[in-house]
Structure formats: structure tokens, C-alpha cells
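Okay, structure first, notes after.
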Amino acid sequence: MIEDREPIRVALLGCGTVGTEVVSLLQGRPGEFAARTGAPLQVTGVAVRRPHKHPEVPEHLLTTDAAALVNGDVDVVVELIGGIEPARSLLLQALRAGKSVVTANKALLAEYGSELYAAADAAGADIYFEASVAGAIPLLRPLRESLAGDRISRVMGIVNGTTNYILSAMDSSGASYAETLEEAGQLGYAEADPTADVDGFDAAAKAAILASLSFHTRVTATDVHREGISGIGAGDIAAAKSLDRTVKLLSICERVVDDEGNESVSARVHPAMIPRSHPLAGVGGAFNAVFVEAESAGQLMFYGQGAGGVPTSSAVLGDLVAVARNLVVAGKGPRESAHAQLPVRSMGATPTRYHISLDVADKPGVLSQVAATFNEHDVSIAAVRQQGRGPDASLVVITHTALDSALQATVDEIARLSAVNEVVSVMRVEGEQS
Ligand code: NDP
Ligand code: HSE
């Protein structure tokens, strides 16, 4: 009888947007979890900062002493506090004592993932973190396990629900940035400090995790080029619309092979214009979607709810069941795989494409001056469009693929041309043939 087996003792650290759902489901469906795991799951305690704010948790389980909870008689620690400290110290403490860990903490994994993996390996414990990237979407398990026999070449997608919620609203209803960010916070999508979302830190941490798993290389958040959406205004959205495109915050991780056949990894997060016909253009609200390209598997697409307590609890509980199953059979999940150790490319050395909108003087020779500047930097132009006449004249240029450093140098020089009044907007272009 499963009920007669020794229970798997679970300590929960944090009971906020995600933790509340995890506790509620664990308490509400004990028989189902026991049947799937092979042993009952017993919550031994829930660590929070303000116990009086948690009437949903039985009082005897609540504690403010997370360290004592981790040090007590527990088999698995589920960390849903977020941030670096005290989460890092608590998880190292758990792993060093041979306790397995489930976490949704991308900020911590992107910075200290290798330290946590090493502690888990040394103690023979598990560390699972499906909820750390793309909420409910099963994405890390496929990268870490199902595609472990393949060679991944590219991972591109929308991995931050908050910024996608904001950009979708700006695109569809012209809503303002500030009001939509507040809504995303109320719906439980945003991080405790929402600048982590809008300035791209959250997406960069996720890109680091995706690149590490995909390319068997240690990539940290500081290796990821990061630009957020706080500089995106109604003008950028309108410029994209006029070209039948939309703006999305993309995370792009690529294996780049140079002319000599040397491989490296590029990881970047930035807003980009994509065609409205592209499948990512239709990803609205807090949904996420990620494309994976692999040598043998070809193209794969993962889509679903990328943020929010209820969807994210699915990924956390899936990990908890996996870890508990391993404990029942004395097995272990996958270890860190960083054997390739490919160098990480700078953004300047990464091939990209630009959309550039210029406010120009209405006089002959402007176009030739601008074109000559592109030519000097060896950047090829894919399309040029002149809009308006007189003082309202503007020039829109879309380039072919070039090194980002060459594109940036071109923009800097164009800004100094006497015929150019202002560089109105510069945005990268993705999702179409170059
Ligand atoms: P919340 O801010 O809603 O909850 C954090 C919880 O941690 C609260 O219960 C808080 O206690 C508790 N806490 C904070 N500091 C301490 C401490 N020192 N000791 C004990 N408890 C503490 O966060 P979320 O639930 O939104 O996020 C949790 C994690 O999940 C983060 O890593 C986040 O990035 C990740 N995540 C979040 C998603 C989302 O959509 N929200 C989706 C995917 C991942 P108290 O309630 O008493 O203040
Ligand atoms: N703040 C994050 C987001 C939560 O908006 O995507 C999910 O990781």
C-alpha cells in the first residue's frame, strides 16, 4: 500500500503568487500525488516573511525561519522565494545535506546554476527547475532530456509574459505602457521588482538557462546581451504596423559557426520587429512561445502560459513528482552538461538586421549620403522607403544581415550627417529571410 510507505517530506520556501497554488494543490489532492509518486507527499512546513498574511496555510506549518525548516527532517526543498539571497544559501544548505531541490528561480540559476549543480552532484541530490523558464510550458525537460541526443542550433522566442502582455496591449488597443505594467503586476505576472521584466533582466536570465542547456556550455546572465522595452513608444509600434510588422521582446540563443568552422554561442534579448504573418506575432497577453531548431529533429515549437501562479504551479508540481519518484526508486535526474564549453560571442560580433527610421532634410542628395554611409560600413540595404515631403520627410531603411557592430557604427555615423535631422528609431528585425 502506497499510504503505508514512508512519506516524502517537502519543505516549501515562499508562498506568494506561485507558492499559494502549489500548497493548495498539494493539500487538496494528496491521494493523486501519492499514486503518481509511489509515496505520500507530506508538507512539513511553509517559510514566509509575514505569517499573518497567509490564512490559507494551516498555522502549524507556517514559519519565518526558513533555514531551520531546511535543516529539519525534509527530503525535498521547493524554493519559491525568488532573488539571490537568501534563496542561494538555503538551497546550497539543502543540497549539501543531500536534500533534493525544486526551484522556479531563474535569476539564481542564471548566476549560480553551476554552483548549485556541483553541490547537487557532490551530494547525489536532484535539482529540477522547469518553472524557471516559460511558466507552464514543458521546455527545459525536452531540452535537457528529450533532445540530449541531438544538436540544437537555435532557440528563439518570447519568454517574458509581462513584457509580452504590455507590448500586445500597446499593439492592439494603443494602451499606455505604465497602465498595462500595473495590470500585469496585479495579475501576478510581474516579478517582485518589475524592472526585472521591463529592462529584460528576467528574459536574459531565461536566455542564459536556455543557452546553457541547448549548447552544453555555461552561459550566465552577464553573457547575455540585454535590452528591455522601456524605450519602446507608440511611435515604434506605429512604425512596425505601417510595415505590417509587430514588436516583440525576443530571447535568441544561437550556435554560430564562422568561416573557419569554429563554433561559438550567442545569447541576446532585445525588442525586434517581426512580420505579422510570423507565428510569434500571434502570441498575445502573458503567453510565451519558443522555437527550437535542432539538426535531426528540425523545427519544434513550444507554446503556452508563460506566467501566473496557477500555470506555473503545474511546472513546479511536475518537478516535485519527478524528484519524489527518483527518491522512491533511489534514482537521480540529469546532471549539468557543460562539456562543450563553447566561447560566448559579444553582441557586436553577432549577425543581425536593423530597421532604421530617419527624420531627414527635404533636399536633393539625402538618399545618396545615407546609402554611401551604409556602403562604407559594408552593410547592404534590403529596402528603403521615403515617407512624406517637406519638413515631415522621413526615410525608413531595412538592412540585410550584418555584424551588429557594423550596423551600430552605421547608425552612429548617419546621426552625424547634415542631411539627417534625427534618428527616430532603430530596431532589430527578426523572423524573415535576410
Ligand atoms: P512572490 O513575490 O509572490 O512570493 C514570494 C514569497 O516568498 C512570499 O510568500 C514571501 O513571503 C516569501 N519570502 C520572501 N522573502 C522570504 C524570506 N527571506 N524567507 C521566507 N520567505 C520569504 O513571488 P512569486 O510567487 O511570483 O515568484 C516566486 C518565484 O517563482 C520567483 O523566483 C519567480 O521568478 C518565479 N516565477 C514566478 C512566476 C510568476 O508568474 N509569478 C512564473 C515563473 C517563475 P510573504 O508572502 O510573507 O511576503
Ligand atoms: N515575471 C515573469 C514573466 C514570470 O513575466 O514572464 C514568469 O517567469
Side-chain angles (χ1 to χ4, degrees), residues 11-24 45-57 62-70 77-91 101-111 129-137 139-140 157-168 180-181 183-207 209-210 228-229 249 251 269 283 285-290 304-316 319:
L12 286 166
L13 310 182
C15 192
T17 305
V18 182
T20 305
E21 298 302 328
V22 169
V23 174
S24 152
V46 180
V48 294
R49 264 177 318 195
R50 303 163 298 173
H52 62 281
K53 296 262 183 187
H54 297 278
E56 76 285 8
V57 180
L62 284 169
T63 176
T64 53
D65 193 345
L69 182 60
V70 169
V77 172
V78 178
E79 185 270 314
L80 298 167
I81 293 176
I84 306 297
E85 288 296 349
R88 171 174 167 261
S89 301
L90 291 166
L91 293 192
V101 158
V102 172
T103 178
N105 192 335
K106 50 270 166 141
L108 178 63
L109 289 160
E111 220 41 71
F129 45 90
E130 184 63 65
S132 64
V133 182
I137 307 173
L139 173 63
L140 302 190
I158 296 166
V159 295
N160 182 269
T162 302
T163 47
N164 201 53
Y165 185 84
I166 295 170
L167 291 173
S168 303
T180 327
L181 172 59
E183 269 172 37
Q186 282 159 2
L187 290 165
Y189 303 148
E191 293 301 299
D193 173 2
T195 54
D197 296 293
V198 295
D199 288 343
F201 290 101
D202 179 78
K206 290 166 176 169
I209 296 169
L210 291 172
I229 65 159
L249 184 72
S251 295
V269 168
V283 176
F287 277 73
N288 284 186
V290 178
Q305 296 190 72
V310 176
T312 306
S313 69
S314 166
V316 173
D319 278 356

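For clarity, every value in this text was computed on a predicted model and none was experimentally measured. Ligands are counted one by one from 1 in listed order, and the atoms in each one are counted from 1 as well.
- Among all non-hydrogen protein atoms, the one lying nearest atom 5 (O) of ligand 2 is T162 OG1, 2.6 Å.
- Here the shortest heavy-atom distance to atom 1 (N) of ligand 2, taken over F201, Y189, Y165, belongs to Y189.
- Atom 7 (C) of ligand 2 has its closest protein heavy atom at G306 O, 3.4 Å.
- Looking at E130, its side chain does come within 3.5 Å of a backbone N or O of L140 through a donor-acceptor pair.
- The closest side-chain heavy-atom distance from I137 to V290 is not below 4.5 Å.
- Assignment of G135 to the shell around ligand 2 is not supported, since no heavy atom sits closer than 4.0 Å.
- Atom numbering of ligand 2 starts at 1 in the shown order; those under 4.0 Å from a heavy atom of N160 are 2 (C), 3 (C), 5 (O), 6 (O).
- Legend: salt bridge (Lys or Arg N to Asp or Glu O under 4.0 Å) pairs involving residues 186-201, not counting sequence neighbours, sorted by first then second residue: K106-E191.
- In terms of the side chain to side chain donor-acceptor pair (under 3.5 Å) criterion, N288 has no residue partners (sequence neighbours excluded).
- When each atom of ligand 2 is checked for a heavy atom of K206 under 4.0 Å away, the hits are 2 (C), 3 (C), 6 (O), 7 (C), 8 (O).
- Contacts between D197 and ligand 2 below 4.0 angstrom, taking non-hydrogen atoms only, involve the side chain exclusively.
- Where the criterion is an N or O separation shorter than 3.5 Å, residue side chain and backbone included, E191 meets it with respect to ligand 2.
- Looking at atom 6 (O) of ligand 2, its nearest protein heavy atom turns out to be G161 N, 2.7 Å.
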Considering only N or O atoms, set out every pair between ligand 1 and the protein closer than 3.5 Å, with distances to one decimal place.
{"unit_1": "ligand 1", "atom_1": "3 (O)", "unit_2": "T17", "atom_2": "N", "d": "2.9"}
{"unit_1": "ligand 1", "atom_1": "3 (O)", "unit_2": "T17", "atom_2": "OG1", "d": "3.2"}
{"unit_1": "ligand 1", "atom_1": "9 (O)", "unit_2": "C15", "atom_2": "N", "d": "2.8"}
{"unit_1": "ligand 1", "atom_1": "9 (O)", "unit_2": "C15", "atom_2": "O", "d": "3.3"}
{"unit_1": "ligand 1", "atom_1": "9 (O)", "unit_2": "G16", "atom_2": "N", "d": "3.1"}
{"unit_1": "ligand 1", "atom_1": "11 (O)", "unit_2": "R49", "atom_2": "N", "d": "3.3"}
{"unit_1": "ligand 1", "atom_1": "25 (O)", "unit_2": "T17", "atom_2": "N", "d": "3.2"}
{"unit_1": "ligand 1", "atom_1": "25 (O)", "unit_2": "V18", "atom_2": "N", "d": "2.9"}
{"unit_1": "ligand 1", "atom_1": "34 (O)", "unit_2": "K106", "atom_2": "NZ", "d": "3.1"}
{"unit_1": "ligand 1", "atom_1": "34 (O)", "unit_2": "E191", "atom_2": "OE1", "d": "2.8"}
{"unit_1": "ligand 1", "atom_1": "34 (O)", "unit_2": "E191", "atom_2": "OE2", "d": "3.4"}
{"unit_1": "ligand 1", "atom_1": "40 (O)", "unit_2": "G188", "atom_2": "O", "d": "3.3"}
{"unit_1": "ligand 1", "atom_1": "40 (O)", "unit_2": "G308", "atom_2": "N", "d": "2.6"}
{"unit_1": "ligand 1", "atom_1": "41 (N)", "unit_2": "G188", "atom_2": "O", "d": "3.1"}
{"unit_1": "ligand 1", "atom_1": "46 (O)", "unit_2": "H54", "atom_2": "NE2", "d": "2.8"}
{"unit_1": "ligand 1", "atom_1": "47 (O)", "unit_2": "R49", "atom_2": "N", "d": "3.0"}
{"unit_1": "ligand 1", "atom_1": "47 (O)", "unit_2": "R50", "atom_2": "N", "d": "2.7"}
{"unit_1": "ligand 1", "atom_1": "47 (O)", "unit_2": "H54", "atom_2": "NE2", "d": "3.2"}
{"unit_1": "ligand 1", "atom_1": "48 (O)", "unit_2": "R49", "atom_2": "NE", "d": "3.2"}
{"unit_1": "ligand 1", "atom_1": "48 (O)", "unit_2": "R49", "atom_2": "NH2", "d": "2.8"}
{"unit_1": "ligand 1", "atom_1": "48 (O)", "unit_2": "R50", "atom_2": "NE", "d": "3.0"}
{"unit_1": "ligand 1", "atom_1": "48 (O)", "unit_2": "R50", "atom_2": "NH2", "d": "2.8"}

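- Counting only heavy atoms of the protein, atom 8 (O) of ligand 2 lies nearest to K106 NZ, 2.5 Å.
- The ring pair (Phe, Tyr, Trp, His ring centres under 6.0 Å) test applied to F201 returns no partner, not counting sequence neighbours.
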